[in-house]
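For clarity, every value in this text was computed on a predicted model and none was experimentally measured. Start at 1 and go down the list; that is how both ligands and their atoms are numbered.
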Amino acid sequence: MAILITGGAGYIGSHTVKELLRHGHEPVVYDNLQTGHRKAVMNAPLIEGDLSDLERLEKTFRSFSIKAVIHFAADSLVGESMENPLKYFANNVKNSIQLLEAMVRFNVKKIVFSSSAAVYGEPKEVPITEEHPCRPTNPYGETKWIFEKALEALHRSGKIDFISLRYFNAAGADPEGELGEDHAPETHLVPICINSALDGRPVPIFGTNYDTPDGTCIRDYIHVTDLALAHLLALENLGHDGTAGVYNLGNGSGYSVKQVVGTVERVTGIKIATVESPPRPGDPARLVAGSARIRKALGWTPNYPEIERIVETAYRWHLNHPTGMG
Ligand code: UDP
C-alpha cells in the first residue's frame, strides 16, 4: 500500500520514511527539497514537487495509487512566522487544504498530520494534556491548529480518518547514524549547542528572566526516532474505532535551555560559551507534554527518553557528517 509522505526528505519526515521502509511499508516521498535532502529518503521514490503544484500532486496520487498520507510538508519556524505570517497561512493552510481536496478526489481516507505543541500557546498548567485549551501565540501554531480544525470537520463529514500528532521538541538523530538534523540556517537548540561545541561559536540564550527555576525556557525533548515510530503506529491504527483525533507526543520531562547546554557539555566533554540574549517573541516559558493518551490508545512508548541519549545520538551524527545530509 503506497503511502504519500509530504515533506519526507526533511528531518522528521526522513526518519519516519526509514521506519516505514523497515516495517515493510511503501512510502512515496513528495518534497520540494527547499529544506529537505535528496539523500535522506533512502530507497523510497522521491517526487520533487511543491504542495501548491496541484497537477503534480494529483499525478502522484494517480501513478502510485496512494492509499494513505503522512503530511509533514510545512514551514515550521516560530520566529519567521511572526515576521512573515502569510507565508505560513499560504503553505500550512492553503496548500495543505489543497492536499485534503486531492485526497477526497482520489478517495484516500487516511491521514497522519504533523502538528505541534505550538497550538497550545502559553500553558495554564503543565504537563499539557490534549484537553488544554488552544490559544497559539504565533502564526505557526495558528496555522497548525486551523489545519487540525479542517481535519476534524472532514472527519465528522465521514470523508477521512485522521490522527494529528502534536510534537513537543524533536531532537536527536537516527541511532544507526544514517540520518540526522540538518537545517540551514539551524535554529534549534540541540544542534546549535552541538555546533557550538564543535566550532566554539557561543550559544545565544533567548531569555533568562522567565518564571522557571533558572530563568530559561523549559521544553520537552523527544527523540526523532520515537516520533517516527509514533507515525508508524498512527498509520497502522487509523480507522480502528475511537483512534481518530489529536495526540501529544513528548516524554513528559522538561529541560531548561541551560540544562540542555549542560547536557551537551557533559556528552561532548566540551565547555560551551553562552551569551544572554533577549527572549524570542512568541516563545512560551514552559512546554511539557502529558502523553498518556497516545500511550494508552496506540501503545506508544519512547525507546530513547533520556536527554543524554538524545544528545548523544545527535552528537555522533554531527561528528560523522561534518557537511550534514550533503
Ligand atoms: N533557544 C535558545 N537559543 C537558541 C535556540 C533556541 O535559547 O539558539 C531556546 C528557545 O528560545 C526555546 C528552546 O531553546 O526556548 C527550544 O527552541 P527550539 O528553537 O529548539 O525549538 P522550539 O521550542 O522553538 O520548537
Report all side-chain donor-acceptor pairs from residues 33-41 shorter than 3.5 Å, counting only partners two or more places apart or in another chain.
unit_1, atom_1, unit_2, atom_2, d
His37, NE2, Asp182, O, 2.9
Arg38, NH2, Glu48, OE1, 2.8

For ligand 1, protein residues within the heavy-atom limit of under 4.0 Å are Asn169, Thr187, His188, Leu189, Ile192, Pro204, Ile205, Phe206, Cys217, Arg219, Tyr221, Val257, Arg280, Asp283

Around Asn43, counting heavy atoms of other residues, nucleotides and ligands shown, do more than 12 lie under 6.0 Å from its CG?
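Open: at most 12 neighbouring heavy atoms sit under 6.0 Å from CG of Asn43.
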
Under 3.5 Å, which donor-acceptor pairs link side chains of residues 200-210 to any protein atom two or more places apart or in another chain?
unit_1, atom_1, unit_2, atom_2, d
Arg201, NE, Asp199, OD2, 3.2
Arg201, NH2, Asp199, OD2, 2.8
Thr208, OG1, Glu276, OE1, 3.4

My understanding is that only residues two or more places apart in sequence, or in another chain, count here; which of them pass side-chain contact (heavy atoms from CB on, under 4.5 Å) with Ala292?
none

What class does the angle between the rings of Tyr11 and His15 fall in, given that below 30° is parallel, 30 to 60° is tilted and above 60° is perpendicular?
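Judged by the thresholds at 30° and 60°, the geometry between Tyr11 and His15 is perpendicular.
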
ring-ring contact (aromatic ring centres under 6.0 Å, His included) between His231 and Tyr167: does it pass, once the steps are laid out?
CA-CA 11 Å; His231 289 78; Tyr167 316 154; 5.5 Å; yes

